[in-house]
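Residues take their numbers from the sequence shown, with the count starting at 1. Since this is a predicted model, take the numbers as computed values, not measurements.
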Amino acid sequence: GRRSLRDGSHVGDVASGRLQDDEAHDGYGAALIQDDTAAPSFRDAGLERVEDCFPVFDFGDFVCVVEFVDIETAIGEVELAGKKVLIIGAARSGIAAARFLVRRGAVVAITDQKPIEKWTPDALTLKESGVGLLPGEPPSWLLDQLDLVVVSPGVPADIIPIRYAERAGAEVIGEVELAARYLKGRIIAITGSNGKTTTTSLIGELLRDAGMQVQVGGNIGKALISMVESSRDDGWTVAELSSFQLETIPTFRPSIAIVLNVTPNHMDRYETFNDYAAAKHRIFMNQTAGDVAVLNADDPHAASFATRP
């Protein structure tokens, strides 16, 4: 099965809707919103703190004591304090996002389709920081109360739990978008079907050799959200980005955006090649006249972006 980025349909019976098999190897596929009556014990699932902060029946005032908060950081970025956040996908970027959000006082749960015994040790240790661990589908009562959903790159943004939460009022973003809101300095973003890693690494080395403060990450090496603390106002973050990561960037605005080439790829994720190309084109969507767009004139699809709005 394949998905289109152009989603004009509406979710019908979200409590019984099913999705396709897992094709991105992220543990998400054949998704199903869990009926509340069938939900596992929250404490058995490692959701003690989340249950305390997301009352099942009491939808009154939200009160939660948050631990492990850096006071200076919390004062500077108070908008995350107390926010109810669900991270979908317990791989590298999801784990990094969870740690970031907890440090800023958010109440965080992380979900993954994999059984809890197949979660990585790094993911399991999140419980020690107060993160709720939720294997399987998130229950609807949780989705109804979220302020923010952070989607890992391997998770399609149109799966039913995400659409349910968005319709209930949650903001849905990716880890790249979350990181970009807090990264200091300027961002160079590179995407393309081939050559992203080589180009990203080369740009990083060139900037280092020029004596500039630079860090490299994204789809290569470290998750961008892990680089927030080390970013500097006078520095550069060089980010390799996949089409998956570009699907969830409502405000992400790189100072320099580069598209190397666009050839058919990930056609198990996208309905058509045009949908895949549209995902790549999103790297430019928030740039302004003061930013720089770099296109490969030798690649017809990349070059065609010069005439797109």
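- Hydrophobic clustering (ILVMFWY, side-chain heavy atoms < 4.5 Å, transitive): Val294 and Val262 are in distinct clusters.
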In a table with atom names and distances, give each donor-acceptor pair under 3.5 Å that connects a side chain of residues 248-257 to protein atoms at least two apart or in another chain.
| unit_1 | atom_1 | unit_2 | atom_2 | d |
| --- | --- | --- | --- | --- |
| Thr248 | OG1 | Gly174 | N | 3.3 |
| Thr251 | OG1 | Glu177 | OE2 | 2.2 |
| Arg253 | NE | Asp291 | OD2 | 2.7 |
| Arg253 | NH2 | Thr288 | OG1 | 3.0 |
| Arg253 | NH2 | Asp291 | OD1 | 3.3 |
| Arg253 | NH2 | Asp291 | OD2 | 3.3 |

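- The hydrophobic cluster containing Leu178 also contains Met285, counting ILVMFWY residues as joined when their side-chain heavy atoms lie under 4.5 angstrom apart, directly or transitively.
- Side-chain contact between Ser152 and Ser93 is present, with heavy atoms from C-beta onward closer than 4.5 Å.
- No donor-acceptor pair closer than 3.5 Å links the side chain of Thr191 to the backbone N or O of Val259.
- To the nearest 0.5 Å, atom CD1 of residue Ile88 and atom CD1 of residue Ile162 are 4.0 Å apart.
- The closest side-chain donor-acceptor pair between Ser193 and Tyr276 falls under 3.5 angstrom.
- Between Phe284 and His281, the ring planes are perpendicular. Angles over 60° get that label, and only those under 30° would be called parallel.
- Side-chain atoms of Ile225 and Val150, non-hydrogen and from C-beta on, never get closer than 4.5 Å to each other.
- The residues Arg208 and Glu205 are annotated as salt-bridged, a charged nitrogen and a carboxylate oxygen being separated by less than 4.0 angstrom.
- In terms of heavy-atom proximity, Ala223 sits nearest to Arg92 at N-NH1, 2.9 Å.
- Salt bridge absent: Glu175 and Lys222 never bring a charged side-chain N and a carboxylate O closer than 4.0 Å.
- Remark: the backbone N or O of Lys83 is not paired with any side-chain donor or acceptor of Asp147 at under 3.5 angstrom.
- With hydrophobic clusters built from ILVMFWY side chains whose heavy atoms lie under 4.5 angstrom apart, Leu260 does not share a cluster with Phe305.
- The two atoms that bring Ile95 and Ala90 nearest to each other are CD1-O, 3.6 Å, heavy atoms only.
- For the pair Leu134 and Pro139, the minimum side-chain heavy-atom distance is below 4.5 Å.
- Counting only distance, with no hydrogens or angles, the side chain of Gln215 and the backbone of Met227 share a donor-acceptor pair below 3.5 Å.
- Put simply, OG1 on Thr237 and CZ on Arg232 are 11.5 Å apart, with the number rounded to the nearest 0.5 Å.
- In this structure, Arg99 and Leu126 approach most closely via the heavy-atom pair CG-CD2, 3.7 Å.
- Ile190 places a side-chain heavy atom less than 4.5 Å from the side chain of Val238.
- Side-chain contact between Ile110 and Trp119 is present, with at least one heavy-atom pair separated by less than 4.5 Å.
- Taking OG1 from Thr125 and CG from Leu133, the interatomic distance works out to 9.0 Å, rounded to the nearest 0.5 Å.
- For the pairing with Gln245, the side chain to side chain contact (heavy atoms under 4.5 Å, CB included) check across Val176, Leu224, Val151 returns one residue only, Val176.
- To the nearest 0.5 Å, the span separating CD1 on Ile160 from OG on Ser140 amounts to 13.0 Å.
- Between the side chain of Ser231 and the backbone N or O of Val228 there is at least one donor-acceptor pair closer than 3.5 Å.
- Annotation for Leu146 and Ala165: closest pair CD1-CB, 4.2 Å, computed over non-hydrogen atoms.
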Is there a side chain to side chain contact (heavy atoms under 4.5 Å, CB included) between Leu101 and Leu80 once you walk through the steps? CA-CA 7 Å; Leu101 288 161; Leu80 287 176; 4.0 Å; yes
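- Residues Ile173 and Leu148 have side chains in contact (heavy-atom distance under 4.5 Å, counting atoms from C-beta outward).
- A distance-only check finds no donor-acceptor pair linking the side chain of Thr200 to the backbone of Thr197 [under 3.5 Å].
- A distance-only check finds a donor-acceptor pair linking the side chain of Lys280 to the backbone of Gly192 [under 3.5 Å].
- Residues Phe244 and Phe273 share a single hydrophobic cluster, defined by chaining ILVMFWY side chains whose heavy atoms lie under 4.5 Å apart.
- Between the side chain of Gln213 and the backbone N or O of Asp234 there is no donor-acceptor pair closer than 3.5 Å.
- No side-chain heavy atom of Pro138 sits under 4.5 Å from any side-chain heavy atom of Tyr164.
- Closest heavy-atom contact between Val155 and Arg269: O-NH2, 3.6 Å.
- Closest of all the heavy-atom pairs between Ser201 and Ile220 is OG-CD1, 3.4 Å.
- Using a 4.5 Å cut-off between side-chain heavy atoms of Ile, Leu, Val, Met, Phe, Trp and Tyr, with links allowed through other members, Ile283 and Ile258 fall into different hydrophobic clusters.
- Two residues are said to be in side-chain contact when any heavy atoms from C-beta on lie closer than 4.5 Å; Glu137 and Thr111 fail this criterion.
- Judged purely by atom type and a 3.5 angstrom limit, Thr120 uses its side chain to pair as donor or acceptor with the backbone of Ala123.
- Atom CD of Glu247 is separated from atom CG of Leu241 by 12.0 Å, given to the nearest 0.5 angstrom.
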